[in-house]
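Data first, discussion second: the structure below is written as structure tokens.
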Amino acid sequence: VVLIITVVVVGCAGVPTQEMSNARQAIKAARDVKAKDYVPTLWGKAEQNLIQAEQHLQASQFFHARLVAILVKEQAVNAHNMAVAIGRANRVWQAINAMNYSATPVHTLLKQAQEAEREGDIDKTIAFADEAYRHGKIALNQAQLEHAKILIDKVKALQAELRPKELVTLNLAETA
């Protein structure tokens, strides 16, 4: 029993190399998906806690450094996941706007995702962002279909000038 307790205590007292490495890698992954831009609240906490973990490490407070590094990894992974979801929804929203198409539910859901992030609710953030993305993809598809119809109508106006092969393509486009 004494040997087991000694091993556990010594194991906990050692330099938390792996935990610090995991925390730094998670921070880098979150940085790579622009967590600072999309989820600034959680990103800020993760960055602050990494600094704290490094301070504990420099002060040879290995137990505290390990605990904080584990927290940093969790926060950074959550920031990464939230940033991916919000970023994806934001990109579809921008594509919709570029086509001058109205998709208010997408914008509303994106705002709700951002509000949930500020409140620190990871699950709601991801759920709202995923829903914004789904609605956004549908709206983007609809916008593209409407745009295609306009283009087809423009080509139909020039139908008399089209060659037979182009007429076939026009008919196929109309059918689609």
Side-chain angles (χ1 to χ4, degrees), residues 12 15-59 61-153 176:
C12 289
V15 179
T17 307
Q18 187 61 52
E19 290 86 351
M20 291 299 293
S21 176
N22 292 346
R24 289 183 187 111
Q25 287 175 2
I27 286 282
K28 182 188 178 319
R31 184 181 300 115
D32 290 347
V33 296
K34 300 180 182 176
K36 182 178 184 178
D37 297 334
Y38 294 122
V39 289
T41 305
L42 188 55
W43 170 257
K45 289 177 185 177
E47 270 193 320
Q48 287 173 348
N49 284 331
L50 181 61
I51 292 168
Q52 183 182 19
E54 289 171 344
Q55 290 170 345
H56 284 305
L57 189 62
Q58 289 173 356
Q61 298 171 338
F62 301 138
F63 179 76
H64 294 296
R66 176 175 283 108
L67 292 178
V68 176
I70 290 168
L71 175 64
V72 168
K73 178 188 171 196
E74 179 182 334
Q75 289 172 328
V77 166
N78 287 333
H80 174 276
N81 294 340
M82 291 164 59
V84 166
I86 290 176
R88 188 172 70 149
N90 192 49
R91 283 187 297 280
V92 77
W93 172 245
Q94 289 172 352
I96 291 167
N97 283 336
M99 294 188 76
N100 294 321
Y101 191 76
S102 177
T104 305
V106 176
H107 189 250
T108 300
L109 287 163
L110 192 53
K111 291 288 185 195
Q112 288 173 318
Q114 292 164 339
E115 179 61 30
E117 185 278 329
R118 283 190 292 279
E119 293 171 0
D121 192 326
I122 297 158
D123 293 333
K124 275 188 179 178
T125 300
I126 292 171
F128 281 130
D130 286 347
E131 192 66 17
Y133 175 76
R134 280 191 290 279
H135 282 278
K137 287 301 281 185
I138 292 167
L140 187 57
N141 287 340
Q142 186 64 40
Q144 290 168 336
L145 286 171
E146 288 177 19
H147 183 68
K149 185 180 180 324
I150 291 168
L151 293 175
I152 288 170
D153 289 342

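All values derive from a computational prediction rather than experimental measurement. These numbers come from the heavy atoms of this one structure, side chains and all, not from hydrogens, waters or symmetry mates.
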Got [X] and [Y] here, is their nearest side-chain heavy-atom distance under 4.5 Å?
| X | Y | answer |
| --- | --- | --- |
| Lys124 | Glu115 | no |
| Gln52 | Asn49 | yes |
| Ile122 | Asn81 | no |
| Arg66 | Ile70 | yes |

Applying side-chain hydrogen bond (donor to acceptor under 3.5 Å, both in side chains) to Gln18 and not counting sequence neighbours gives Asn22

Nearest-0.5 Å distance that lies between atom [atom1] in [X] and atom [atom2] in [Y]:
| X | Y | atom1 | atom2 | value |
| --- | --- | --- | --- | --- |
| Ile138 | Arg134 | CD1 | CZ | 9.0 Å |
| Leu50 | Gln55 | CG | CD | 10.0 Å |
| Thr41 | Glu119 | OG1 | CD | 10.0 Å |
| Lys45 | Asn78 | NZ | CG | 11.0 Å |
| Trp43 | His80 | CH2 | NE2 | 11.0 Å |

What pair of heavy atoms forms the shortest contact from [X] to [Y], and how long is it?
| X | Y | result |
| --- | --- | --- |
| Ala83 | Tyr38 | O-CD1, 3.8 Å |
| Ala89 | Ala129 | CB-O, 3.4 Å |
| Ala116 | Thr125 | C-OG1, 3.2 Å |
| Ala53 | Ala65 | O-CB, 3.6 Å |
| Ala46 | Ala76 | CB-N, 4.2 Å |

### Message
What verdict does the side-chain contact (heavy atoms from CB on, under 4.5 Å) test give for Arg31 and Ile27, after you've listed the backbone C-alpha separation in whole Å, the side-chain angles of each residue and the deciding distance to 0.1 Å?
### Response
CA-CA 6 Å; Arg31 184 181 300 115; Ile27 286 282; 3.5 Å; yes

Leu67 meets the side-chain contact (heavy atoms from CB on, under 4.5 Å) criterion, sequence neighbours left out, with Phe63

Those residues at least two apart in sequence (or on a different chain) that pass side-chain contact (heavy atoms from CB on, under 4.5 Å) with Leu140 are Val92, Ala95, Ile96, Met99, Gln144

- Message: Walk me through whether Glu54 and Arg24 qualify under side-chain contact (heavy atoms from CB on, under 4.5 Å).
- Response: CA-CA 10 Å; Glu54 289 171 344; Arg24 289 183 187 111; 3.4 Å; yes

The single option from Leu151, Ile152, Asp153, Leu145 that satisfies side chain to side chain contact (heavy atoms under 4.5 Å, CB included) with Lys149 is Asp153

- prompt: Between Glu117 and Leu42, is there a donor-acceptor pair closer than 3.5 Å when you use the side chain of the first and the backbone of the second?
  reply: yes

Per-pair distances, 0.1 Å, donor-acceptor, side chain in residues 105-113, under 3.5 Å, sequence neighbours excluded:
unit_1	atom_1	unit_2	atom_2	d
Thr108	OG1	Thr104	O	3.1

Applied to residues 71-92, the salt bridge (charged side-chain N to carboxylate O under 4.0 Å, His left out) test, sequence neighbours excluded, yields Arg88-Asp130

Scan side-chain atoms only and decide if Gln142 and Glu146 contain a donor-acceptor pair under the 3.5 Å cut-off. yes

Applied to residues 119-152, the ring pair (Phe, Tyr, Trp, His ring centres under 6.0 Å) test, sequence neighbours excluded, yields none

